[in-house]
Amino acid sequence: MKSQDDVPSKKSNFITDQIDADIQSGRFNGRVQTRFPPEPNGYLHVGHAKAICLNHSIAKDYSGLFNLRYDDTNPVTENSEFVTGMREDIQWLLEEDLESTPLHTSEYFDQLYAWAEELIMDGKAYVDSQDGETISEQRGGFQEPGVNSPYRDRSIEENLGLFRDMRSGKFSDGECVLRAKISMSHDNMNMRDPIMYRIRHENHFRTGGEWCIYPTYDWAHGQSDAIEKVTHSLCSLEFDSHRELYDWFLDQLGIEGADRPYQTEFARLNFTHTVLSKRLLKHLIEEKIVDGWDDPRMPTLRGFRKRGYPATAIRSFCEHIGVARTNGTHEIELLESFVRNDLNQSAERRMAVLNPLRVTITNWPEGHVEMRTAVNNPEDDSAGNREIPFSGSLFIERDDFMENPEPKYYRLSPGREVRLRYGYFITCNDVVKDEEGNPIEILCTYDPETSGGKAPDGRKIKATIHWVSAEHAIDGSVALYERLFSTEHPGDETGEPLDDVNLESKSILEGTKLEPSIGDLPPGSIVQFERLGYFHLDEEAPLLFHKTVGLRDEWANIVKRRKNA
RNA sequence: UGGCCCGUAGUUCAACUGGCGGAACGCCUGGUUUUGGUCCAGGAGGUUGCAGGUUCAAGUCCUGCCGGGCCAGCCA
């Protein structure tokens, strides 16, 4: 007997366990607030999608708040193009408007500055007038403690004066920094008097020339969380060693109780055959290996969108994989299976011949054309039907004919009969070849008794293939994509991921033959070309399709297995 | 040769916090099918990194090893 227990409840994980405990103990008075804090210096990729979905769904599940906060603390790399782009991508992914308007760390510069002076007055921060190289040397190593800066014991008055001079622009870039006064012999390198402010005489895309000192991530992040009343600050594993510093700053400022956020780290998302580092992604663009951030081969949200990956599929994927603290790499096939699964339900079917081979039906009445009725989506009755013209001159897929059929190949070959989907049974009688012996035309006869693809004598047919009427077909182009990186773990062999880049990962087929109704598809449509895969009609270029993902292909598996044997 | 984090099926995650190790994807077999798709049924695949210890009982707790990751930016 079914009970409410059978209703799949949200997957629990170490983060939701913590939140449950916090609610139990009343730590935040039952409040839950998360945030997604991207730095606007590039476009978002699937790795970010995991973080967005996680933070967003936690807020939703606990009736809490989810903020988008641009972490714009470094004016040299950030700009407003990325701010706009990220917003678009997030809205596309979530398919809903953000409840709160996007926030910016730069909105907190005044508060951050005031707090910094507070720390100086408490003797917990000082201005160091050494250059970066010296500071770096003095930090020590994993086994050796660092040494104190000669400026570490400046008086509070001197520090305050110097810090105000930093702010007012008396110093040039790199002349001095504000450092937290913690310990130069701490086991955790992040605690060895970390830098809080550095000087950048640089125009900031939001605050313009108002500031010439900018807070570092460590100084800005936890405090921004606190200002926004974030409860659960989720970030990726590499920030684990920063948590101690995150807590230290909050301690010094006396931010306690229900006002005090805490950081929890989780493993970021990785995929086989993929790189997700911004450095590498930018390199692919700069070197023109791909066509830009929205190239369908890119693991960016814009790339996925152009490729035809539905946002719903990405969200279900993210929900499915959950969160953990184990560093691992997902097989890209798993994401693809979510895309197929989604599109199988939603995408209408059409017939398209990518590599055309002419078929002439020799016993077809000259000039005769018949309209055949085809189902738009067998998974969705409401999608209805459409009409497709059938004639005596057709195109079929080159792969659907083999002159000397291999074992287990049961499509068309001389003497063999196949079904044309929604059409008739045809038998191959003859092959016309060019000088090199390549088949250029197949001569067949059709069985008039098999109209609609049913044989009155009940005779079984092994294969059904797709087709398009030659005189009615419209021409289109199809962009085919392979993995951008040929190896599962790019760079594993040589240490350089770019060595494994597949320079032939994109190919464009011109002169593909499409059934007439495809001409009516609105830009952006995603359809299944029967027996081939899912294809996304470009938003701008007419009749240009991007291959989203292929159908599972048993025959391809057989061929592959044979090759490996 | 420091500190911290992590090791469960090929991959990614579960296992009611000490009580007979499961799922998804992938793979294989069969069924259905006018898509070699979908769907349905079944199967293979594990010394829970290794070695000890505690316990009636350990994936779970303890110790030691081994392996992987992160940390010495005025990046985030």
Side-chain angles (χ1 to χ4, degrees), chain A residues 11-13 17 37-39 41 71 73-74 76-78 128 131-133 135-146 173-179 186-190 192 194-200 213-214 216-218 220-221 235-244 265 267 269-270 272 278 320-338 340-341 344-345 349 351 374-375 378-379 408-411 419-423 425 450 452-455 461-466 488 528-533 550-558 561:
Chain A
K11 281 208 300 202
S12 74
N13 53 58
D17 288 349
E39 185 190 13
N41 67 348
D71 203 7
T73 56
N74 187 355
V76 317
T77 56
E78 300 154 2
D128 194 341
D131 60 41
E133 204 178 321
I135 290 177
S136 174
E137 280 163 14
Q138 288 174 351
R139 190 140 28 222
F142 294 133
Q143 278 116 101
E144 313 84 40
D173 288 10
E175 232 182 304
C176 49
V177 290
L178 184 73
R179 291 231 253 170
H186 203 108
D187 276 341
N188 183 345
M189 298 293 273
N190 297 116
R192 317 250 260 228
I195 285 157
M196 296 168 65
Y197 276 97
R198 66 301 208 188
I199 299 170
R200 292 278 137 88
I213 57 170
Y214 291 93
T216 56
Y217 167 86
D218 284 312
H221 206 86
C235 64
S236 45
L237 246 27
E238 66 266 32
F239 291 100
D240 185 289
S241 61
H242 292 250
R243 190 178 57 240
E244 196 170 8
E265 312 82 24
L269 179 59
N270 292 303
T272 53
K278 245 177 231 174
H320 173 86
I321 58 169
V323 263
R325 283 180 70 84
T326 36
N327 253 318
T329 304
H330 282 268
E331 289 169 339
I332 191 70
E333 289 83 355
L334 182 61
L335 208 215
E336 290 174 342
S337 82
F338 273 82
R340 279 196 202 98
N341 196 33
N344 177 50
Q345 299 299 319
R349 310 280 116 145
M351 290 205 283
V375 173
E379 307 292 324
K408 286 199 172 166
Y409 180 87
Y410 46 78
R411 273 109 93 154
R419 171 168 37 229
L420 294 175
R421 176 140 237 231
Y422 302 122
F425 290 6
T450 57
K454 288 183 202 61
I461 224 78
K462 239 354 205 229
T464 301
I465 66 174
H466 61 279
E488 277 197 7
Q528 182 196 105
F529 289 163
E530 295 224 20
R531 303 208 306 129
L532 297 175
L551 259 25
R552 276 187 61 216
D553 188 345
E554 178 62 22
W555 172 243
N557 273 0
I558 292 172
R561 234 179 296 152

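Letters A, B, ... are given to chains in the order of the sequence lines, protein chains preceding strands, and every chain is numbered from 1.
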Q: Could you classify B:G73 for me, syn or anti, using a glycosidic angle within 90° of 0 as syn?
A: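 Syn conformation here, the glycosidic angle of B:G73 being no more than 90° from 0.
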
(Q) With the 90 degree cut-off around zero defining syn, does B:U47 come out syn or anti? (A) anti

In whole Å, what is the span from the [atom1] atom of [X] to the [atom2] atom of [N]?
X        : N     : atom1 : atom2 : result
A:Ile321 : B:A14 : CD1   : P     : 11 Å
A:His186 : B:G3  : NE2   : C1'   : 9 Å
A:Lys454 : B:U33 : NZ    : C1'   : 13 Å
A:Leu269 : B:U12 : CG    : P     : 11 Å
A:Asn13  : B:C16 : CG    : C1'   : 16 Å
A:Glu379 : B:U33 : CD    : P     : 16 Å
A:Trp555 : B:G36 : CH2   : C1'   : 10 Å

Q. From the list B:U12, B:C5, B:C13, which nucleotide is the closest neighbour of the side chain of A:Asp240?
A. B:C5

Q | Residue A:Tyr409, side-chain heavy atoms: nucleotide from B:G7, B:G37, B:G36 that is nearest | A | B:G36

Nearest-angstrom distance, [atom1] atom, [N] to [M]:
N     : M     : atom1 : value
B:U60 : B:G19 : P     : 11 Å
B:A24 : B:C6  : P     : 28 Å
B:U29 : B:G22 : P     : 25 Å
B:A23 : B:C65 : P     : 37 Å
B:A41 : B:A58 : P     : 36 Å
B:A72 : B:C56 : P     : 48 Å
B:C66 : B:C28 : P     : 40 Å
B:G46 : B:C20 : C1'   : 15 Å

Report which part of the nucleic acid [X] touches: base, sugar-phosphate, or nothing (heavy-atom distance under 4.0 Å, all strands).
X        : result
A:Glu265 : nothing
A:Asn270 : nothing
A:Val76  : nothing
A:Phe425 : nothing
A:Ile558 : base
A:Lys462 : nothing
A:Lys278 : nothing

Partner of [N] by Watson-Crick or G-U wobble geometry, both contacts under 3.5 Å, or none?
N     : value
B:A14 : none
B:G2  : B:C71
B:C61 : B:G53

Q) side chain to side chain contact (heavy atoms under 4.5 Å, CB included) between A:Glu244 and A:His186: does it pass, once the steps are laid out? A) CA-CA 11 Å; A:Glu244 196 170 8; A:His186 203 108; 3.2 Å; yes

Q.
What does the B/S/- profile of nucleotides 68-76 of chain B look like, 5' to 3', with a 4.0 Å heavy-atom cutoff to protein?
A. -SSBBSBSB

Q) Tell me, for nucleotides 21-28 of chain B in 5' to 3' order, what letter each nucleotide earns: B for a base near a protein heavy atom under 4.0 Å, S for only sugar-phosphate near one, - for neither? A) ---SBSSS

Over all atoms of both residues, closest heavy-atom pair of [X] and [Y]:
X        : Y        : result
A:Ala267 : A:Thr326 : CB-O, 3.2 Å
A:Met196 : A:Arg179 : SD-C, 4.1 Å
A:Asn344 : A:Glu379 : O-CG, 3.3 Å

Q | Residue mapping more 5' on RNA chain B - nearest nucleotide basis, A:Asp17 or A:Arg419 | A |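 Here A:Asp17 is the residue nearer the 5' end.
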
Q) Which comes earlier along RNA chain B counting from the 5' end, the contact point of A:Ala324 or that of A:Pro378, where each point is its nearest nucleotide? A)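 Closer to the 5' end of RNA chain B: A:Ala324.
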
Polar atom pairs (N or O), protein with nucleotides 65-67 of chain B, under 3.5 Å:
none

Q.
Would A:Leu420 and A:Ile465 count as a side chain to side chain contact (heavy atoms under 4.5 Å, CB included) here? Give the steps.
A. CA-CA 5 Å; A:Leu420 294 175; A:Ile465 66 174; 3.7 Å; yes

**Q.** Within-4.5 Å side-chain heavy-atom neighbours: A:Leu335 and A:His330
**A.** no

Q) Do the side chains of A:Glu488 and A:Thr329 get nearer than 4.5 Å, heavy atoms only? A)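 Sidechains of A:Glu488 and A:Thr329: no contact.
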
Q.
Between the base of B:G36 and the side chain of A:Arg411, is one N or O donor paired with an acceptor at under 3.5 angstrom?
A.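 Side chain to base: pair present.
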
Q. Which of parallel (below 30°), tilted (30 to 60°) and perpendicular (above 60°) describes A:His320 and A:Phe338?
A. tilted

